[in-house]
Amino acid sequence: MAHNPRYIRRLLLVAAAGAFIYIQVRLFSTQSHDAGRLALAEAGQPNLPVAAVVIMACNRPDYLQRTVESILKYQKAVASKFPLFISQDGTNGEVKNKALSYAQITFMQHVDLEPVHTESPGENIAYYKIANHYKWALDELLIKHNFRRVIILEDDMEIAPDFFDYFEAAAKLLDTDKSIMAVSSWNDNGQKQFVYDPKALYRSDFFPGLGWMLTKSTWMELSPKWPKAYWDDWVRLKEVHGGRQFIRPEVCRTYNFGEHGSSMGQFFDQYLKPIKLNDAHAHNLDMDVRIQYNDQGDFERVARQFGVFEEWKDGVPRAAYKGVVVFRYKSSRRRIYLVGPDSLRQLGV
C-alpha cells in the first residue's frame with residue numbers, strides 16, 4: 001500500500017503539545033536514567049568474562065562464515081571478556097568443518113536423533129528443533145560452564161563496531177535492575193528513516209531478540225519451563241516476562257542478513273534489509289509529535305502509513321513500552337510517539 005503524504009501530514013498535525021510534554025517527561029524519566037547508568041556501568045569483576053558469546057548455527061556454512069568474520073573484526077581486542085562459541089544443531093559437515101577452522105572459537109554440537117512430535121499437524125518442525133537447541137546451548141553455557149551472562153547471536157548476523165562496548169556497559173545494569181529481563185542490540189523499527197541518535201536507549205515491553213544478553217539467574221527461571229517451539233513468541237508473553245522490560249537501542253548494533261532460513265524470509269525486504277547499523281546524520285531539530293491510537297486495528301492503520309512494524313504479540317506492539325512506540329521521522333531528530341489508549345494511565349500521566 002502506498003504511503004499517503006497528505007494523510008501523514010494530517011497525522012502529524014494532531015500533536016497536542018501539553019500532553020506530549022507529559023508523555024516525554026514520564027516516558028524518558030526512566031529511560032534517560034537507564035541510559036546514564038548504562039553509560040557509566042562497569043563490566044563487573046576484571047578477572048571474569050563479561051559474557052560468553054554464542055553463535056547459533058545449523059546448516060548454512062556461508063552465512064556462518066560471514067557472521068564469524070564480522071564478529072572477529074571487533075572481538076580480538078576484548079577476547080578475554082567475550083569468549084566465543086559456535087553451537088551447531090545437527091550434523092551438517094560443512095558447518096562443523098567451518099566452525100572447527102577457527103582456533104579462537106569453542107565448538108559445541110547438539111545432536112538430537114529423537115523424532116519431533118509437533119502440537120498440530122503440518123507444523124514446521126524446524127521451530128521445535130530451534131527451541132530444543134536454544135535450551136541445550138544455554139544450559140551448557142550458563143549451568144554447566146557457569147557463565148554469568150550469555151549473548152546470543154544467530155548465524156546470519158553482522159555486528160556494529162561498538163557491539164562489545166554496548167554489552168559491556170549493559171552488563172551491570174542487567175545485573176542490578178531487576179525490572180530488566182534482557183538487553184537487546186536490535187530495534188524492530190531501526191530502519192534508516194526512523195533513527196537518528198546512536199546513543200539513545202529505550203525500554204520496551206516487546207522482546208526484540210536478534211542479538212541479546214541475559215543473566216544466569218534469569219535463565220534459571222526460564223530453563224525449567226522453556227517451550228517446545230516458538231521460543232521467541234513465548235518470551236514475549238506477559239506471563240513470562242512478568243512486567244519486566246527489555247532494553248533496546250535506537251540504532252541497531254546487529255544487522256540481520258538472513259533472507260533464507262526457517263522463517264522463509266518473512267519481513268526481510270520490507271523491515272530487515274533496510275535496517276541501519278549505528279551511523280547517524282545531523283539534521284535540524286524539529287518538534288516531536290504524539291499520535292494516539294485506539295486499538296490494534298487503529299495502530300496497524302497508522303503504523304502502515306509510516307511503514308513501521310504493525311505486528312502485535314500478546315497485546316504488545318513491536319518495540320513498545322507501556323503501549324508507546326517511538327521512532328524518528330525520515331531520519332530527522334523529530335520523534336514520532338504512537339500512544340495507546342491506556343498508555344497515559346500506565347505512565348502515571
Side-chain angles (χ1 to χ4, degrees), residues 1-15 20 23 27 156-157 160 184-198 200-202 204-211 232 236 246 248-259 263-281 283-313 315-341 343:
M1 175 178 177
H3 298 169
N4 186 331
R6 295 181 61 187
Y7 180 74
I8 291 177
R9 286 197 297 271
R10 193 159 59 247
L11 285 175
L12 298 179
L13 292 174
V14 303
F20 159 72
I23 294 169
L27 183 61
D156 54 4
M157 293 181 179
S184 175
S185 56
W186 180 261
N187 173 14
D188 281 306
N189 292 321
Q191 296 78 20
K192 61 186 71 176
Q193 67 268 34
F194 302 135
V195 299
Y196 176 83
D197 185 0
L201 302 175
Y202 298 86
S204 176
D205 296 311
F206 191 99
F207 170 61
L210 293 177
D232 47 351
R236 290 169 181 142
F246 307 93
R248 55 94 175 168
E250 179 170 311
V251 182
C252 291
R253 265 58 179 190
T254 46
Y255 179 80
N256 187 296
F257 58 83
E259 185 173 4
S263 62
M264 304 301 290
Q266 185 184 26
F267 303 136
F268 182 81
D269 286 335
Q270 185 174 1
Y271 296 117
L272 302 184
K273 190 175 181 179
I275 285 286
K276 194 73 169 179
L277 191 62
N278 92 321
D279 60 356
H281 303 281
H283 295 274
N284 294 328
L285 179 63
D286 292 316
M287 182 179 292
D288 292 341
V289 172
R290 173 180 69 92
I291 298 175
Q292 189 83 29
Y293 65 88
N294 298 317
D295 52 29
Q296 180 174 351
D298 195 26
F299 172 84
E300 290 173 351
R301 178 177 58 83
V302 175
R304 193 176 303 124
Q305 293 297 323
F306 288 101
V308 299
F309 258 105
E310 305 168 31
E311 188 181 26
W312 285 44
K313 295 289 185 183
V316 178
R318 278 190 182 266
Y321 175 59
K322 306 297 185 187
V324 179
V325 174
V326 187
F327 56 92
R328 303 283 179 171
Y329 182 62
K330 293 185 176 179
S331 304
S332 70
R333 292 188 181 184
R334 174 185 287 176
R335 290 186 178 96
I336 306 295
Y337 295 82
L338 305 185
V339 180
S343 296

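Note: hydrogens, waters and symmetry copies are ignored here, and every other heavy atom, side chains too, is used.
In this structure, the side chains of I275 and N256 stay at 4.5 Å or more apart for every pair of heavy atoms. V316 places none of its side-chain heavy atoms less than 4.5 Å from the side chain of R236.
Under the side-chain contact (heavy atoms from CB on, under 4.5 Å) criterion, F194 pairs with Q191, V308, F327, sequence neighbours left out. Under the salt bridge (Lys or Arg N to Asp or Glu O under 4.0 Å) criterion, R248 pairs with no residue at all, not counting sequence neighbours. Contacts of T254 classified as side chain to side chain donor-acceptor pair (under 3.5 Å), with partners at least two apart in sequence or in another chain: S185. Here K192 pairs with K276 under the side-chain contact (heavy atoms from CB on, under 4.5 Å) rule; sequence neighbours left out. In terms of the side-chain contact (heavy atoms from CB on, under 4.5 Å) criterion, residue partners of P317 (sequence neighbours excluded) are, by chain and number, Y293, F299, W312, A320, V325.
Contact between V324 and V326 at its shortest, heavy atoms only, is CG1-CG2, 3.9 Å. For the pair S184 and G209, the tightest heavy-atom approach, listed with the atom from each and the gap, is OG-O, 2.8 Å. Heavy-atom minimum distance, A319 versus N187: CB-OD1, 4.2 Å. Here the shortest heavy-atom pairing between C252 and L277 reads O-CD1, 3.4 Å. Heavy-atom minimum distance, N294 versus P341: O-CG, 3.2 Å.
Side chain of Q292 to main chain of G340: a donor-acceptor pair is present (N/O by atom type, distance under 3.5 Å, no hydrogens or angles). Put simply, the side chain of D288 gets close to the backbone of R335: a donor and an acceptor are under 3.5 Å apart. Side chain of N189 to backbone of F309: a donor-acceptor contact under 3.5 angstrom is found.
One distance of note links CZ of F306 with NZ of K330; it measures 9.5 Å at 0.5 Å rounding. Once rounded to the nearest 0.5 Å, the distance linking CZ of F207 with CG of D188 reads 10.5 Å. A distance of 15.5 Å separates CG in L210 from CZ in R253, rounded to the nearest 0.5 Å. Of the inter-residue distances, the one linking Y255 atom OH with M157 atom CE reads 12.0 Å to the nearest 0.5 angstrom. How far CZ of R290 is from CD1 of I336: 12.5 Å, rounded to the nearest 0.5 Å. Between the CG atom in D205 and the CZ atom in R318 there is a gap of 14.5 Å [rounded to 0.5 Å].
Of the N and O atoms on the side chains of R333 and Y196, at least one donor lies less than 3.5 Å from an acceptor on the other residue. Counting only N and O atoms by type, the side chains of E250 and Y202 include a donor and acceptor under 3.5 Å apart.
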Taking it one step at a time, do D232 and K313 satisfy side chain to side chain contact (heavy atoms under 4.5 Å, CB included)?
CA-CA 10 Å; D232 47 351; K313 295 289 185 183; over 6 Å; no
